[in-house]
Amino acid sequence: MGNSALRAHVETAQKTGVFQLKDRGLTEFPSELQKLTSNLRTIDLSNNKIESLPPMIIGKFTLLKSLSLNNNKLTILPEELCNLKKLEMLSLNNNHLRELPSTFGQLAALKTLSLSGNQLRALPPQLCSLRHLDVVDLSKNQIRSIPDIVGELQVIELNLNQNQISQISVKISCCPRLKILRLEENCLELSMLPQSILSDSQICLLAVEGNLFEIKKLRELEGYDKYMERFTATKKKFA
C-alpha cells in the first residue's frame, strides 16, 4: 500500500476519530497512527498479516473505545494494551493467541470481548475482574474444562462452542448475570453437565447440541422444567 494512500487514511481519521484499514496485507501496525493517539476512538485493522502490536504506541490511545484485529497473525498481546482505560470492544478473532496479558483485568470499561478461533487452552482468569463485561466469545479454542473461578464472571453471554470441554464446575450456576451459555460441539457427557444450571442459575438459553448425549436426555433431568420456565419467560419478553 502506497504512502500517499496511507497518509490520506490518517488525515481522514484525524477528522473522524475512526481508522479503518482492512484487507491490505499489512504486516505491521501502522506507525503513522502514533500521531493520532489522542484522536482515535475506533481502530479496525482486520484481515491483515500483523504479527505484533508495538508496546510503545498501543497503550497511548487514551480515547480508544473499539479495537478490531480479527484475522491477523498475533501470537501475543503486550501488557501496554491494558492501559486502554476507555476500551469497550476488543475483537481478536482468528489469531494465534495462547494467553492474555496478566494485566488484562485493568481494561475496566470492556463490555465485549471476541477471541474466537485462537489457541487458548483455559478460561482466562483475568476476565473475572472485568465488572462491565457483557459478552465473551471463546468459541473455536482448545479449552478442556471450566474451573471454579467461572462463578466470578459477570458476563451476560458466554460462548464456548467448538472447544474440547469435558468438565464444567458447578460454580457456573453462581454467575450473577449469565443468561446465555453456548456449549455446542464440545466433549460433554450428560453426567458432566451440572444440574444446577437447570435448577438454580439465571441461564435462560442453554445451547448444548453436538455433545456426547442426545438432547432429549437433557429434558429428563431434574430442574429442566425450571429452566424451561426461564426460557419461555425470556422468549415472551422479546416476542
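Every heavy atom of this structure was used, including side-chain atoms; hydrogens, water molecules and symmetry mates were not.
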### Message
Would a single hydrophobic cluster contain both L130 and M89, if residues Ile, Leu, Val, Met, Phe, Trp and Tyr are joined by side-chain heavy-atom contacts under 4.5 Å?
### Response
no
### Query
Without hydrogens or angle criteria, can the side chains of E79 and T103 be said to hold a donor-acceptor pair below 3.5 Å?
yes
### Summary
So CD of Q20 and OG1 of T16: to nearest 0.5 Å the spacing works out to 9.5 Å
### Message
Would you say S91 and N70 are linked by a side-chain donor-acceptor pair, where the criterion is simply a distance under 3.5 Å?
### Response
yes
### Residues T42 and S66: side-chain donor-acceptor under 3.5 angstrom
no
### Heavy-atom closest contact (N141 atom, L120 atom, distance)
OD1-N, 3.0 Å
### Query
Nearest heavy-atom pair of N72 and K49: which atoms, and what distance?
OD1-N, 3.3 Å
### Message
Would T112 and L90 count as a side chain to side chain contact (heavy atoms under 4.5 Å, CB included) here? Give the steps.
### Response
CA-CA 6 Å; T112 304; L90 178 59; over 6 Å; no
### Query
Which heavy-atom pair separates P54 from F29 by the least distance, and what is that distance?
CD-CB, 3.4 Å
### Message
I need the minimum non-hydrogen distance between L107 and L84, along with the two atoms involved.
### Response
CD2-O, 3.5 Å
### Task
Ignoring hydrogens and angles, state whether a donor on the side chain of N47 or N71 is under 3.5 Å from an acceptor on the partner side chain.
yes
### Query
Distance only, no hydrogens: is a donor on one side chain within 3.5 Å (strictly under) of an acceptor on the other, for S46 and S68?
no
